[in-house]
K.L.:
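Have a look at this one before I ask anything.
Residue numbers start at 1 and run along the sequence shown. Computed from a predicted structure; not experimentally measured. Computation of the quantities below employed the complete heavy-atom set of this structure, encompassing side-chain atoms and omitting hydrogens, waters and symmetry-equivalent molecules.
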Amino acid sequence: MKKFLGLWALILPMLVSFGQEVEVSDNPLKEGGVIITLILLGILFVLLLVLIFFKVNQYLVIQEKKISYSKAEKLISYLKSLPKEDAKQLIKGMMHKKTYKIEKNKLRGNAEPKDVLGLLSVEPPSVPFFRFKKPNQSKIPVEPKLKKLVFAYLISATFWLLFGTTVGEYLGIKFVAPEADSLSWLNFGRLRPVHTNAVFWGWGSLGMLGLAYFCVPRVGNNRLFSYALGWWTLILINLTVFFGSISLMMGINNGGGEYREYIWPIMGMMIVGVALTLINFWKTIAMRKAVEIYISNWYIVAALMFFMTIGLVGYLPFWQKGLGETIAQGYYMHQAVGMWFMMLTLGLVYYYLPFALDKPIFSYSLGILAFWSQILFYTLIGTHHFIFSSIPWWLQTVAIFGSIGMIIPVFAGTTNFLMTFKNGWYKLASSYVLPFFLVGIVFYFTGSLQGTAEAFRSANLIWHFTDFTVAHSHMTMYGIITFFLWASMYAIIPRITQKETSKAFVGVHFWLAFIGLLFYIVPLMYGSTLKGYYWMEKLPFVGSLELMAPYWLWRAIGGTLMWFSHFVFAYNLYQMMFGRDKVDVPKSVAKVLQEDEVQTQKSL
């Protein structure tokens, strides 16, 4: 042992001499390692508080359930002492009181209250901390196999949302403390595609497909063609994201451009999985009992077909040479956003938004106009990412023209969605689903038109290569796609399971995600505009980095709020799928009395 310690005493100074000299700051709080450690400890502390809160809430729910059962037992014993007809009338009245609610302004007026005799106590209306939110009353009968398949997709999607955005949160912290680590597999260049691909192919794609598996057979009034094909698609896409994430961290990547960093054997599994779903949906629609094909299925099948085209263009090597690879990259990148994510999500909105509002879509014709005009114009615009490049000038101009043409489907779609709210805006105040839809619609309009503005050469000159494109991509992929997916899940899952999460937690999820997104995109857009002008003045590049430092801090703050919201959403999803059934005293009493009556008749 002494020899070992002596040998180590000789080797240690030699190792230190080979090490890199590090300047130690007088203030340890300014050290990057200390900052990142404090941030991570703070995150763990917050998560601990959240866990304690959930445990306390769980205890309170159990106690509330016991009290409800006690009330039910007392009520049952009382009703048994009454004649049967009186008991039935009492239960009927209780059910009516429970479900009845005055809508709109039936009992309101503009006149001031007058009380000559002084019998009334007139006070200004109080403002509740939480507004009343209606529960989902009606239950949708769903085949157990379909329910299991859809839930598996949504659970997998939520897992990749948490994983992908945790990586994104770490990357956001790196903008504040870039020296946080020195491990090769955690550097920014490797983790950034891990983040984008996990949320694209894991969260977004699986979430869309899970909701589509419920929607496609339902609008055709028939059963799904094959559950086995649905499970195979789920397995293949999960394997794609799992092996893709590991390979990217190891430095094994395609290197061909953004969003196609997965090597072809890995991405090939997802292409095969989407092809299986295309066959599955095609067969399901062919067996439909409805005469017409509802517009949702138009969008969904078109998105699946375009994904096959996008994957082949992005990975087949025939034209991947020189500028051909750049043109293929522009097509692949932008069509993945517009003809896969946007196309499929819009198809879901055409089903789930009318479902949430309990009224039909405003105009079928506007939906068809938006569908065909998006196919016409969106497929032309990939090259607008390479304005002022070596790509032929005429091809850049065609992309700009296609970007302008996108005004048509955006206006048609936005008008259709907002007009579907017509005579139903009052439902917004009492719904925890519709605010998600409304945010998605607003960002669909603003984000899409912002993309059109970015395509112009004068705007591109300022914003290209800045963080403005990062803000724009989050406005669209998060503000549109993710909010629409959340809205659809909140709309349908409680109707399937008859289980709901706390309305307060849905509100926490909504406001954390919405405010976090604004904190993320607005500072980045403002700072990136200044950065673009800074470059145009031919000022030093390092100065532009110093300029962006406070805006990157806001990016990290906004990203952290968004990240926290995802854990709240995961909790809400669990409660909607597997949470405890709430005790409904009138229903429980009615059920017990009905069982007693059946037993009495059998004994007679």
Side-chain angles (χ1 to χ4, degrees), residues 188-201 204-205 240-241 244-245 247-248 251-271 274 303 305-343 374-375 377-403 406 448 450-452 454-457 459-461 463-474 476-477 481:
F188 188 89
R190 293 190 185 181
L191 284 185
R192 200 265 179 175
V194 171
H195 162 65
T196 54
N197 285 276
V199 294
F200 268 39
W201 313 127
S205 298
T240 297
V241 185
S245 300
S247 68
L248 290 177
I252 303 170
N253 58 74
N254 182 42
E258 200 170 18
Y259 311 142
R260 56 173 178 159
E261 291 91 353
Y262 289 169
I263 57 176
W264 70 263
I266 293 177
M267 194 62 183
M269 291 190 291
M270 179 160 183
I271 295 173
V274 173
M305 294 172 68
F306 270 102
F307 183 88
M308 305 302 300
T309 305
I310 295 162
L312 294 175
V313 169
Y315 280 88
L316 288 178
F318 310 136
W319 42 73
Q320 306 284 344
K321 297 179 181 179
L323 287 177
E325 182 180 13
T326 304
I327 296 171
Q329 167 60 22
Y331 179 85
Y332 172 89
M333 175 175 53
H334 220 97
Q335 303 318 301
V337 174
M339 302 307 292
W340 169 240
F341 291 106
M342 192 67 73
M343 199 75 164
Q374 179 156 335
I375 290 177
F377 292 111
Y378 211 110
T379 50
L380 303 176
I381 68 178
T383 312
H384 79 197
H385 283 269
F386 303 105
I387 303 297
F388 301 114
S389 69
S390 301
I391 292 174
W393 195 260
W394 66 267
L395 191 55
Q396 299 177 36
T397 304
V398 168
I400 296 172
F401 171 78
S403 302
M406 277 301 297
S448 300
Q450 186 189 76
T452 297
E454 285 184 77
F456 287 97
R457 290 186 174 94
N460 198 279
L461 192 63
W463 288 329
H464 200 46
F465 296 121
T466 71
D467 294 77
F468 197 95
T469 53
V470 177
H472 172 67
S473 64
H474 281 77
T476 52
M477 288 302 299
I481 306 301

K.L.:
Among residues at least two apart in sequence or on other chains, which ones pass ring-ring contact (aromatic ring centres under 6.0 Å, His included) with Phe188?
P.N.:
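ring-ring contact (aromatic ring centres under 6.0 Å, His included) check on Phe188 returns Phe175.
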K.L.:
Would you please name every residue forming a side chain to side chain contact (heavy atoms under 4.5 Å, CB included) with Met308, sequence neighbours left out?
P.N.:
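Partners of Met308 under the side chain to side chain contact (heavy atoms under 4.5 Å, CB included) test: Ile271, Val274, Ala275, Leu278.
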K.L.:
Starting from the C-alpha separation in whole Å, work towards a yes-or-no answer on side chain to side chain contact (heavy atoms under 4.5 Å, CB included) for Phe341 and Thr476.
P.N.:
CA-CA 10 Å; Phe341 291 106; Thr476 52; over 6 Å; no
K.L.:
Can you run down the side chain to side chain donor-acceptor pair (under 3.5 Å) pairs that involve residues 386-402, sequence neighbours left out, and say none if there aren't any?
P.N.:
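As it turns out, the side chain to side chain donor-acceptor pair (under 3.5 Å) pairs with a partner in residues 386-402, which skip direct neighbours, are Thr397-Arg457.
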K.L.:
Considering only heavy atoms from C-beta outward, does the side chain of Trp264 approach that of Leu316 to under 4.5 Å?
P.N.:
no
K.L.:
Please list, chain by chain and in numerical order, all residues satisfying ring-ring contact (aromatic ring centres under 6.0 Å, His included) with Tyr259, sequence neighbours excluded.
P.N.:
Phe200
K.L.:
Restricting to side chain to side chain donor-acceptor pair (under 3.5 Å), what partner residues turn up for His474, sequence neighbours left out?
P.N.:
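Once residues adjacent in sequence are excluded, the partners of His474 under the side chain to side chain donor-acceptor pair (under 3.5 Å) criterion are Tyr520.
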K.L.:
Looking at Gln320 and Arg260, what are the two nearest heavy atoms and their distance?
P.N.:
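Shortest heavy-atom contact: OE1-NH1, 3.3 Å.
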K.L.:
Can you tell if the side chain of Met269 reaches within under 4.5 Å of the side chain of Tyr262, non-hydrogen atoms only?
P.N.:
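Counting from C-beta outward, Met269 and Tyr262 never come under 4.5 Å.
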K.L.:
Counting only heavy atoms not in Met333, do more than 12 fall under 6.0 Å of its CE?
P.N.:
yes
K.L.:
Which atom pairs, donor and acceptor, lie under 3.5 Å between side-chain atoms of residues 381-388 and protein residues at least two apart or in another chain?
P.N.:
unit_1, atom_1, unit_2, atom_2, d
His384, ND1, Ile381, O, 3.4
His384, ND1, Ser403, OG, 2.7
His385, NE2, His334, ND1, 2.6

K.L.:
Is any side-chain heavy atom of Ile375 less than 4.5 Å from a side-chain heavy atom of Met339?
P.N.:
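Side chain of Ile375 against side chain of Met339, heavy atoms only: contact under 4.5 Å found.
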K.L.:
In Å and rounded to the nearest 0.5 Å, what is the CD to CG distance from Gln335 to Leu380?
P.N.:
8.5 Å
K.L.:
Taking all non-hydrogen atoms of both residues into account, name the closest pair between Met270 and Thr240 and its distance.
P.N.:
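The pair with the smallest heavy-atom distance is N-OG1, 3.2 Å.
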K.L.:
Which heavy atom of Asn253 sits nearest a heavy atom of Ile263, and at what distance?
P.N.:
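That would be C-CG2, 3.6 Å.
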K.L.:
Please lay out, stage by stage, how Phe468 and Gln450 fare under the test side chain to side chain contact (heavy atoms under 4.5 Å, CB included).
P.N.:
CA-CA 11 Å; Phe468 197 95; Gln450 186 189 76; 3.8 Å; yes
K.L.:
If you take all heavy atoms of Glu261 and Asn197, which pair is closest and at what distance?
P.N.:
OE1-ND2, 3.0 Å
K.L.:
Are the side chain of Glu258 and the backbone of Gly330 linked by a donor-acceptor contact shorter than 3.5 Å?
P.N.:
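No, Glu258 side chain to Gly330 backbone: no donor-acceptor pair under 3.5 Å.
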K.L.:
When rounded to the nearest 0.5 angstrom, what is the spacing between CG in Leu312 and OH in Tyr332?
P.N.:
11.0 Å
K.L.:
Tell me, please, which residues at least two apart from Leu191 pass side chain to side chain contact (heavy atoms under 4.5 Å, CB included).
P.N.:
Val167, Tyr170, Leu171, Leu186, Met249
K.L.:
Suppose we screen for salt bridge (charged side-chain N to carboxylate O under 4.0 Å, His left out). Which residues come up paired with Arg190, at least two apart in sequence or across chains?
P.N.:
none
K.L.:
With rounding to the nearest 0.5 Å, note down the distance linking CD1 in Ile327 to CD in Gln329.
P.N.:
12.0 Å
K.L.:
Looking at residues at least two apart in the chain, or sitting in another chain, which of them share a side chain to side chain contact (heavy atoms under 4.5 Å, CB included) with Thr469?
P.N.:
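Testing Thr469 for side chain to side chain contact (heavy atoms under 4.5 Å, CB included), a comparison that skips the adjacent residues, returns Glu454.
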K.L.:
Of all heavy-atom pairs between Gly338 and Gln374, which one has the smallest distance, and what is that distance?
P.N.:
O-NE2, 3.0 Å
K.L.:
Of all heavy-atom pairs between Ala336 and Trp201, which one has the smallest distance, and what is that distance?
P.N.:
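That would be CB-CH2, 4.3 Å.
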K.L.:
Roughly how far, to the nearest 0.5 Å, is CE of Met342 from OH of Tyr378?
P.N.:
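Going from OH on Tyr378 over to CE on Met342, the span is 6.0 Å.
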K.L.:
Which residues satisfy the side chain to side chain donor-acceptor pair (under 3.5 Å) test with Thr309, sequence neighbours excluded?
P.N.:
none
K.L.:
How would you list, by chain and number, every residue that makes a side chain to side chain donor-acceptor pair (under 3.5 Å) with Ser205, sequence neighbours excluded?
P.N.:
Trp340
